[in-house]
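Computed from a predicted structure; not experimentally measured. Any value given below was found using the heavy atoms of this structure, including those in side chains, with hydrogens, waters and symmetry copies removed. Chain A is the first sequence line, chain B the second, and so forth, proteins listed ahead of strands; every chain is numbered from 1.
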4 protein chains.
Amino acid sequence: MEFSNNNSIYLQIADRLCEQILSEEISGEDRIPSVREFAADIQVNPNTVMRTYGLLQDQGILYNKRGIGYFVSEKAKQIVMKTKKEEFIQESLPELFKMMDLLNIDFNELENIYQTSVKHQN
Amino acid sequence: MEFSNNNSIYLQIADRLCEQILSEEISGEDRIPSVREFAADIQVNPNTVMRTYGLLQDQGILYNKRGIGYFVSEKAKQIVMKTKKEEFIQESLPELFKMMDLLNIDFNELENIYQTSVKHQN
Amino acid sequence: MEFSNNNSIYLQIADRLCEQILSEEISGEDRIPSVREFAADIQVNPNTVMRTYGLLQDQGILYNKRGIGYFVSEKAKQIVMKTKKEEFIQESLPELFKMMDLLNIDFNELENIYQTSVKHQN
Amino acid sequence: MEFSNNNSIYLQIADRLCEQILSEEISGEDRIPSVREFAADIQVNPNTVMRTYGLLQDQGILYNKRGIGYFVSEKAKQIVMKTKKEEFIQESLPELFKMMDLLNIDFNELENIYQTSVKHQN
DNA sequence: GTGGTCTAGACCACC
DNA sequence: GTGGTCTAGACCACA
C-alpha cells in the first residue's frame, strides 16, 4: 500500500478501512487482520496500525475481543456513513464550492467532468 | 487573522494571498506589505511570513526587489489559476466523486446542496 | 565542518551533499543522518540542516519517510548531474570565456594552469 | 541595466565599470557620470551608485575631484587587470576545475565548447 | 526516535 | 527602511 505525504499514515489506513466498510468488502462481525499481520502486510510500523485500530474502536466502528482480535462492529457501516457524510457536507463541500468560485468553474462544467469520469469507470 | 490548526500557518497565509490574487484584490506589480509589517499585522513571527513569501517566490507568484520589498508578479494570477485548477481537477474532484459514490450521493443531490450554498452567499 | 562567509551555510551544506552524491560517497536509497544528528555533527542549528534537507527534497534529490528519516532518492545523482551541468555550461563557462577575453588569457595559458592544478591533486 | 539576484547591485555595477575599463570603452582620465546621473540612467538608488564609486575609489581605480566629479585614474586598467587576474586564478579557476572533475568534463570537451563559443562571436 | 513548525531575538548586507 | 540567515529553544504529531 502506498501513502501520500499530505496525510498521516494511520489516518490513511483508517480511511481505507472505512471505504471497505462502505463498499461492503468487509462487513459486520468480520474479523480483520491482527495488528502485526496487517502491519507486515502493508509494510508499516505495528504502532501505526495500532493507532488506526484504536481510533476506529473509539468511534465504535471496530471492537476488540481480548486475546482474539479486532472485529467490525454491527453498526459499522451506519456509523461510517453518518460520520463521513457530515464531514463531507460540512467541510469538504463548502471548500470545494469556494474553490469553484475562485477558479470560475460553474456547475455545468463540474457536471461535464462528472459524466466523463463516470463513463471511464465502465 | 485567525488560523486553523489543520494546516500550517505559513501555508494558510500563502493560500490567503493566492485567493486575493485570484479575486484581484491584489494584482500584477502591486507591492505587498514588507515581511515585518505583514507579520505585525497578522500577529505572527516575521520568519513565518518570510517562509510564505519565499514559497510564493519559488512558484513565480511573487518576486523581490532588493532592499525594496516583495511584489506580485505579472503572471501571478495566471500561475495561481493554473496550479489551483490542476490541483482541483486532479485531486479534489476524483476524491469528490469517489466520496459521492461511497456515500450514495447522486448528482442531483449535489446540485441541491450547491444551489443552497450559492443562495447563502447572496 | 567549516563554512565560508560568501555563501549561506544551508547552501554550503547542500553543495557538500551534492558533491558526495556526485562522487558516490552516498548514493541511491542511502539514509542520511537525521536532522538533529547531522546538526550536532557539523555544529550547526537543526533548523539550518532542516532547510538544506527541505531544499534538496524540493529538487527531488532527497525524499522523506515519515518518522524514519531522509533518504537519497534513486535518481539523485542523475538530477544533481543535470542541474549542475546546466548551471556550469550556461553560467560558469560564459563567464569564464568573457573573463579570459578581458584578461587576455588565451586557451594555452588556461591549459597550463589546468595541468598544473591537476598535478597538484595527485 | 538588469541585475542578477545572486550578487549585490553595487558590485554588479562595479564589475561592469571594470569591464569597460578593461575593454577600454572608458579609459584613463575620463570623467564618468555623476552619481545622480548614473543612478537615474540605470534606475537605481543613488546610494547604491555612491557605494560603487566609493569601492572603486578605495581600490584606486577612480578618483574624485571635489565638486567636479569622478574620474578614471591613470593606472585604472593596470589595477583592474591585476586584481581581477589574481581573483580569477586563485578563486574562480580552482572552483571551475573542481566542478569539471565532479561533472566528468575533461579539458578537450572544454576546448570544444570554447571553440564553438568563439565562432559564435564572429 | 523522527521531521515540522513556530517564536523570539539577533546580526548582516543592502537600498 | 528592506530582505536573509542563523541560533536557541520550544511544542507537536507521528512511526
Take B:R36 and B:D41 through the test salt bridge (charged side-chain N to carboxylate O under 4.0 Å, His left out) and record every step on the way to the result. CA-CA 8 Å; B:R36 288 168 177 71; B:D41 205 32; over 6 Å; no
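For B:Y63 and B:E74, the side-chain atoms include no donor-acceptor pair closer than 3.5 Å.
Atom OG of residue B:S73 and atom CD of residue B:Q57 lie 10.0 Å apart, to the nearest 0.5 angstrom.
If A:I9 and C:Q12 are placed on DNA chain F by their nearest nucleotide, the residue sitting closer to the 5' end is C:Q12. Along DNA chain F, the nucleotide closest to C:I68 and the one closest to B:R31 are compared, and the more 5′ of them pairs with B:R31. Checking B:V44 against C:Q57, the closest nucleotide of DNA chain E that is more toward the 5' end is the one next to C:Q57.
In this structure, B:R36 reaches the bases: a heavy-atom distance under 4.0 Å links it to at least one base atom across the strands shown. Residue contacts for A:R51: at a heavy-atom cut-off of 4.0 Å it reaches a base atom on one of the strands shown. In this structure, B:N47 reaches the bases: a heavy-atom distance under 4.0 Å links it to at least one base atom across the strands shown. Counting any heavy atom pair closer than 4.0 Å across all strands shown, C:Y10 reaches sugar-phosphate atoms only and no base atom.
Side-chain atoms of A:Q12 come within 3.5 Å of backbone N or O of A:S4 as a donor-acceptor pair.
Across the protein-nucleic acid pair, B:L56 atom CG and F:dG3 atom P stand 14 Å apart, rounded to whole Å. Taking atom CG of C:L62 as the reference point, atom C1' of E:dT2 lies 15 Å away to the nearest angstrom. One can place CZ of B:F3 at 14 Å from C1' of E:dT7, the figure rounded to the nearest angstrom. Rounded to a whole Å, the CE atom of B:M50 is 7 Å from the P atom of F:dG3. B:L55 places its CG atom 16 Å from the C1' atom of F:dG4, with the value rounded to the nearest Å. One can place CZ of C:F38 at 14 Å from P of E:dT2, the figure rounded to the nearest angstrom. Going from atom CG of C:N5 over to atom C1' of E:dA13 covers 12 Å, rounded to whole Å. In this structure, CG of B:N7 is placed 13 Å from C1' of E:dG4, rounded to the nearest angstrom.
No hydrogens or angles were tested; on distance alone, nothing pairs the side chain of D:N45 with the base of F:dG1 as donor and acceptor under 3.5 Å.
The side chain of C:Y70 places an N or O atom within less than 4.0 Å of a non-bridging phosphate oxygen (OP1 or OP2) of E:dG4. Proximity of C:S8 to the phosphate of F:dG4: no side-chain N or O atom is located under 4.0 Å from OP1 or OP2. The phosphate of F:dA15 has OP1 or OP2 within less than 4.0 Å of a side-chain N or O from C:R66.
With sequence neighbours excluded, no residue forms a ring-ring contact (aromatic ring centres under 6.0 Å, His included) with B:F38.
Comparing F:dA15, E:dC14, E:dG4 by their nearest atom to the side chain of A:T48 picks out F:dA15.
Seen from the ring of A:F71, A:K65 counts as a face-on cation partner, given the 6.0 Å and 45° thresholds.
Pairing for E:dG4 goes to F:dC11, judged as Watson-Crick or G-U wobble with the two contacts each under 3.5 Å.
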